[in-house]
2 protein chains.
Amino acid sequence: MNSEFVIAVHSLVLLAHRPEGMATSEEIAENVCTNPVRVRKVMGCLRKHGFIGTREGSGGGYRLSRDPDEVTLADVYRSLAAGSLAPSWCSGDPEKDCVVSSNMAEVMNAVFCGADRQLEAYFEGITIGRMLSQVKAKQQA
Amino acid sequence: MNSEFVIAVHSLVLLAHRPEGMATSEEIAENVCTNPVRVRKVMGCLRKHGFIGTREGSGGGYRLSRDPDEVTLADVYRSLAAGSLAPSWCSGDPEKDCVVSSNMAEVMNAVFCGADRQLEAYFEGITIGRMLSQVKAKQQA
DNA sequence: GGATACTGTAATAATATCAGTTACAGTTGA
DNA sequence: TCAACTGTAACTGATATTATTACAGTATCC
């Protein structure tokens, strides 16, 4: 899995955890353990898809613009990791004479599309809000 | 997805397509569009898991040792790509004070374990034999 | 027995992908 | 006007992936 997906989910959970205010890319990066530029890139994508709002300038940062219980991992997955399951590489060669070699790419592709849908369905059942609860539950223990 | 998985599946379908005899690593590599060493490495793994038999020496090669309709992609996945869904990288830091940062890795890991099981269940429904049929069906069209 | 055609495997080299850093223009608030 | 942000692009370095080369081991055929 695309690690931008992980950063996105972590960031959203963090924002859900402090709904009062904003977090800057530096704060988020510190929390996630990566660098601010990477965070800003991911957040830019989340903004385009309406998950968060940004405020530029001094005192700015990012803020959740949706109810954490309404945002599913499937939403996030679709926004920045859809289709990431299929390997970039395709086996076989359509030009070849062999039945297997010439048609494998297409069949394999269908398999991975199905897998992608399956994965998406699974993510559909997990919300940012639920992940926040789980994180808090771990703390108790 | 691990491209060794793709090579493995393609190779098994190819062997199923010519059940009479064997295929050498060079033939398979040509068909898959990669190099023979890579194929031998993957096949070595498939052999250890009992999917194929090998014969060394002149006239040797690889041969299916199971009914193609009994071998599922889940079997193959478990053999050489299990757990590949989770990114190598983990967000957060258990040492941090923040609830989110310190517990995210664990929660995220649980999510990906679930996703992996989901994927495996999907692959359970696809056999090598079925993929061979699909490949042949494409040819008709 | 010896030549030939394979597998098995390690080591290395080439290439592609991914992540971190630096730099800077644009925006906002005090 | 200054300080603190975001948004991006370009560059660098690290890491992962793939291909290549090389060679020992093994079976077959003559």
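Atom set for the values below is all heavy atoms of this structure, side chains included, hydrogens, waters and symmetry mates excluded.
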Five-pair end axes of the helix from C:dG1-D:dC30 to C:dA30-D:dT1 and the angle they enclose, rounded to 10° = 10°
query = Can you tell me how far C1' of D:dA27 sits from OH of B:Tyr62, to the nearest Å?
reply = 14 Å
ask   = Any side-chain heavy atom of B:Leu73 within less than 4.5 Å of one from B:Val9?
value = yes
task = Identify, residue by residue, the members of residues 31-41 of chain A with a heavy atom below 4.0 Å from DNA chain D, and return them in order of residue number, or none.
result = A:Val37, A:Arg40
message = Run the side-chain hydrogen bond (donor to acceptor under 3.5 Å, both in side chains) test against A:Lys96 and tell me which residues pass, sequence neighbours left out.
response = none
request  = Please state whether the phosphate of D:dC5, meaning OP1 or OP2, lies under 4.0 angstrom from any side-chain nitrogen or oxygen of A:Thr54.
outcome  = no
Residues A:Arg78, A:Glu124: salt bridge by 4.0 Å N-O rule = yes
ask   = Are any of the side-chain nitrogens in B:Glu26 or B:Arg40 under 4.0 Å away from the carboxylate oxygens of its partner?
value = no
inquiry  = What is the distance, to the nearest angstrom, from the CZ atom on A:Arg47 to the P atom on D:dC5?
reply    = 18 Å
query = C:dT17 C1' sits how many Å from B:Asn2 CG, rounded?
reply = 15 Å
request  = Starting from P on D:dT18, measure out to CH2 on A:Trp89 and report it in whole angstrom.
outcome  = 8 Å
task = Give the nucleotide from the list C:dG29, C:dA19, D:dT6 with an atom nearest to the side chain of A:Thr24.
result = D:dT6
query = Are side-chain N/O atoms of A:Tyr77 and A:Asp116 paired as donor and acceptor at under 3.5 Å?
reply = yes
query = Are A:Ser58 and C:dT27 close enough that a side-chain N or O sits under 4.0 Å from OP1 or OP2?
reply = no
task = Round to a whole Å and report the spacing from CZ of A:Arg63 to C1' of D:dC5.
result = 15 Å
query = Would you say the side chain of B:Val13 lies within less than 4.5 Å of the side chain of A:Val107, judging by non-hydrogen atoms?
reply = no
ask   = Would a 4.5 Å heavy-atom cut-off, applied to side chains only, mark A:Trp89 and A:Ser91 as touching?
value = yes
ask   = Hey, which of these two, B:Gly59 or B:Ser88, hits DNA chain D nearer its 5' end, going by closest nucleotide?
value = B:Ser88
ask   = Heavy-atom count around A:Gln139 CD within 6.0 Å, excluding the residue itself: above 12?
value = yes
remark   = Between CD of B:Glu26 and P of D:dT20 the distance, given in whole Å, is 12 Å
note = Whole-Å distance, A:Glu56 CD to C:dG29 P, equals 11 Å
ask   = Just how far, in rounded Å, is C1' of C:dT28 from CE of A:Met22?
value = 12 Å
query = When rounded to the nearest 0.5 angstrom, what distance separates CE in A:Met43 from NZ in A:Lys48?
reply = 13.5 Å
